[in-house]
Amino acid sequence: MSELESLFSATVASSNSGSTGIGGNRRGTSAPKPEIVHLVDMRRANNCEIMLTKIKMPLPDMITAILALDSSTLDVDQVENLIKFSPTKEEMEMLKNYSGDKEMLGRCEQFFLELMKVPRVESKLRVFSFKITFSTQVEELRSSLVIINNSSKEIRASVKLRRIMQTILSLGNALNQGTARGSAIGFKLDSLLKLTDTRARNNKMTLMHYLCKVLAEKMEELLDFDKDLVHLEAAAKIQLKSLAEEMQAVTKGLEKVEQELITSETDGAVSVGFRKVLKDFLYTAEADVRSLTSLYSEVGRNADSLAQYFGEDPARCPFEQVISTLLNFVNLFKKAREDNIKQAEAERKKIEKDKIKSSPAKRDSVDVENSRLSPLKKESDRMFSPRRSKAG
């Protein structure tokens with residue numbers, strides 16, 4: 001046993017001690033992994049790091065792009081995210097007061113430190129964002145203003161629409177003949193939409209259908225009056241209040257650009273390139289806004305005059321209401337006209353069918369039905385048919 005023990009117990013002992021020693025040395029002699037220091041709220045820090053991974057750019061290059069207002073390097077979404085994750089006053093104060101090894105700070109903290117090298121970095125980022133979106137914002141605003149102007153001019157210039165309005169007034173006066181309302185010189189704009197509410201005695205047609213019938217028979221050239229109103233539908237989608245808010249946003253944005261340009265004079269060398277780019281942008285932007293402001297004022301005048309054209313008070317019947325009423329009228333008019341065409345086609349087919357298989361008695365019945373005129377029809381003939389001499 002002693003030989004066995006001498007041969008193997010020492011090996012086991014050596015193995016055990018070696019294992020322990022190796023294990024112990026690994027735990028004891030290896031340097032502890034340095035811990036990253038996090039000063040910023042962990043949730044905000046994590047979201048910041050996610051944002052940075054999407055930008056995929058070294059921090060110094062990012063700062064260079066910001067100061068150069070380089071929209072080819074950073075797009076508006078990225079700039080907006082940088083604004084969102086700009087350090088607050090409290091975070092900047094906390095980082096300034098940190099006396100430890102800054103190399104051990106987390107990535108979010110490192111990012112904040114880099115941004116803090118730029119004076120008023122958040123203000124500069126907001127100016128950057130405004131610069132990127134300025135051209136698109138101005139062009140969209142200008143386009144909306146032009147649509148409103150064009151629509152207002154088309155409506156007032158449409159002779160066909162004016163004649164239709166006169167015809168509606170004549171029909172209304174004919175229906176109200178003998179009453180206090182029978183000699184009206186005009187009507188409220190919203191009365192256009194009530195034409196579908198007034199039905200004939202036989203309940204088969206509305207006054208809108210009858211209007212279309214009269215025009216088709218006596219003034220066919222007016223039926224396509226909606227072709228005069230090219231921009232009506234587009235104008236109906238625009239709210240003047242929204243345009244006013246957009247104009248205000250552009251004006252205020254430009255004021256902030258001017259303020260940052262003035263304030264950055266004391267930044268020193270870090271903002272030299274920034275100020276040059278901003279000054280060039282401001283020169284062209286101010287000219288664009290002056291032009292836009294002039295157009296906006298013109299649109300306001302035209303919008304008010306459109307309501308007055310129809311005898312309405314702009315304060316009670318604003319531009320949006322005028323446009324909406326006219327667009328609804330156009331659609332109701334088209335539908336009534338289509339109904340009349342379908343009805344006439346159905347009657348034509350019925351007459352043809354009756355001719356094939358009808359007896360003289362049935363033909364007489366058809367003749368009686370076709371000769372039956374409503375009071376509106378008789379009144380229409382009186383108003384619109386040419387007078388004939390008794391000798392004729």
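Note that the numbering runs from 1 along the sequence shown for the chain.
Stacking of Lys124 on the aromatic ring of Phe274 is recorded, both the 6.0 Å distance cut-off and the 45° axial limit being met.
Ion pairing of Lys227 with Glu154 is absent here, as no side-chain N (NZ or NE/NH1/NH2) approaches a carboxylate O to less than 4.0 Å. A salt bridge links Lys188 with Glu312: at least one charged nitrogen is closer than 4.0 Å to a carboxylate oxygen. At a threshold of 4.0 Å, the pair Glu345-Lys342 does not count as salt-bridged, since none of the basic side-chain nitrogens sits closer than that to a carboxylate oxygen. By the 4.0 Å N-to-carboxylate-O rule, Glu320 lies too far from Lys241 to be salt-bridged with it. Ion pairing of Lys84 with Glu80 is absent here, as no side-chain N (NZ or NE/NH1/NH2) approaches a carboxylate O to less than 4.0 Å. Using a 4.0 Å cut-off between charged nitrogen and carboxylate oxygen, Arg126 and Glu122 count as a salt-bridge pair. A salt bridge does not link Asp226 with Lys160: none of the charged nitrogens is closer than 4.0 Å to a carboxylate oxygen.
Hydrophobic clustering, with ILVMFWY side chains joined whenever heavy atoms are under 4.5 angstrom apart, keeps Ile341 apart from Met205. The hydrophobic cluster containing Leu326 does not contain Val230, counting ILVMFWY residues as joined when their side-chain heavy atoms lie under 4.5 angstrom apart, directly or transitively. Hydrophobic clustering of Ile, Leu, Val, Met, Phe, Trp and Tyr side chains at less than 4.5 Å, counting indirect connections, unites Met219 with Leu192. Hydrophobic cluster membership is shared by Val322 and Val146, with clusters built from Ile, Leu, Val, Met, Phe, Trp and Tyr side chains linked at under 4.5 angstrom.
At distances below 3.5 Å, at least one donor-acceptor pair connects side-chain atoms of Thr266 with backbone N or O atoms of Thr263. Checked by atom type and distance alone, the side chain of Asp61 never pairs as donor or acceptor with a backbone atom of Met57 at under 3.5 Å. Within the 3.5 Å criterion, the main-chain N or O of Arg163 finds a donor-acceptor partner in the side chain of Thr167. When atom types are taken as modelled, the side chain of Ser291 and the backbone of Ala287 share no donor-acceptor pair closer than 3.5 angstrom. Of the possible polar contacts, none joining the Ser143 side chain to the Glu139 backbone as a donor-acceptor pair under 3.5 Å is found. Although no hydrogens or angles enter the test, the distance criterion places no donor-acceptor pair under 3.5 Å between the side chain of Ser158 and the main chain of Ile155. Without hydrogens or angle criteria, Ser305 side chain to Asn302 main chain gives a donor-acceptor distance under 3.5 Å. At distances below 3.5 Å, at least one donor-acceptor pair connects side-chain atoms of Thr284 with backbone N or O atoms of Phe281. Proximity of a side-chain donor or acceptor of Ser294 to a complementary backbone N or O of Arg290 within less than 3.5 Å is not detected. Not one N or O on the side chain of Gln78 forms a donor-acceptor pair closer than 3.5 Å with the backbone of Ile55.
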_Go through it in stages, so that I can follow the logic: the residues are Lys89 and Glu93, the test is salt bridge (charged side-chain N to carboxylate O under 4.0 Å, His left out), and I'd like the CA-CA distance, side-chain angles, deciding distance and then a yes or no._
CA-CA 6 Å; Lys89 289 182 179 179; Glu93 195 64 31; over 6 Å; no

*Determine, stepwise, if the pair Gln259 / Glu255 fulfils side chain to side chain donor-acceptor pair (under 3.5 Å).*
CA-CA 6 Å; Gln259 290 170 3; Glu255 288 174 358; 5.3 Å; no

*Test side chain to side chain donor-acceptor pair (under 3.5 Å) on Arg275 and Ser264 and set out the steps.*
CA-CA 7 Å; Arg275 295 189 72 256; Ser264 62; 3.2 Å; yes

*Are Arg348 and Glu352 close enough, and set up right, to give a salt bridge (charged side-chain N to carboxylate O under 4.0 Å, His left out), and what steps lead you there?*
CA-CA 6 Å; Arg348 184 188 66 78; Glu352 289 179 354; 2.5 Å; yes

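Expressed to the nearest 0.5 Å, how far CG of Leu295 lies from CG of Leu141 amounts to 8.0 Å. With rounding to the nearest 0.5 angstrom, the NZ atom of Lys276 is 12.0 Å from the CG atom of Leu69. Atom CE of Met92 is separated from atom OG of Ser86 by 8.5 Å, given to the nearest 0.5 angstrom. Residue Phe128 holds its CZ atom at 9.0 Å from CG of Leu82, rounded to the nearest 0.5 Å. Considering CG of Leu327 and CG of Leu232, their distance stands at 5.0 Å, rounded to 0.5 Å. Distance check: Arg337 CZ to Leu211 CG gives 11.5 Å after rounding to the nearest 0.5 Å.
Looking only at side-chain heavy atoms (C-beta outward), Gln321 and Thr325 come within less than 4.5 Å of each other. Taking 4.5 Å as the limit, some side-chain heavy atom of Glu91 sits within range of a side-chain heavy atom of Val40. With contacts defined as side-chain heavy-atom distances shorter than 4.5 Å, the pair Phe112/Met94 does not qualify. Looking only at side-chain heavy atoms (C-beta outward), Arg156 and Ser152 come within less than 4.5 Å of each other. Within the 4.5 Å cutoff, side-chain heavy atoms of Lys252 are placed close to those of Gln248. Annotation: side chain of Leu229 is not in contact with side chain of Ser151 (no heavy-atom distance under 4.5 Å). Side chains of Ile66 and Leu115 form a contact here, defined as non-hydrogen atoms less than 4.5 Å apart. Side chains of Glu114 and Met62 form no contact here, defined as non-hydrogen atoms less than 4.5 Å apart.
Relative ring orientation between Phe225 and Phe329 is described as tilted, the plane-to-plane angle lying within the 30° to 60° band.
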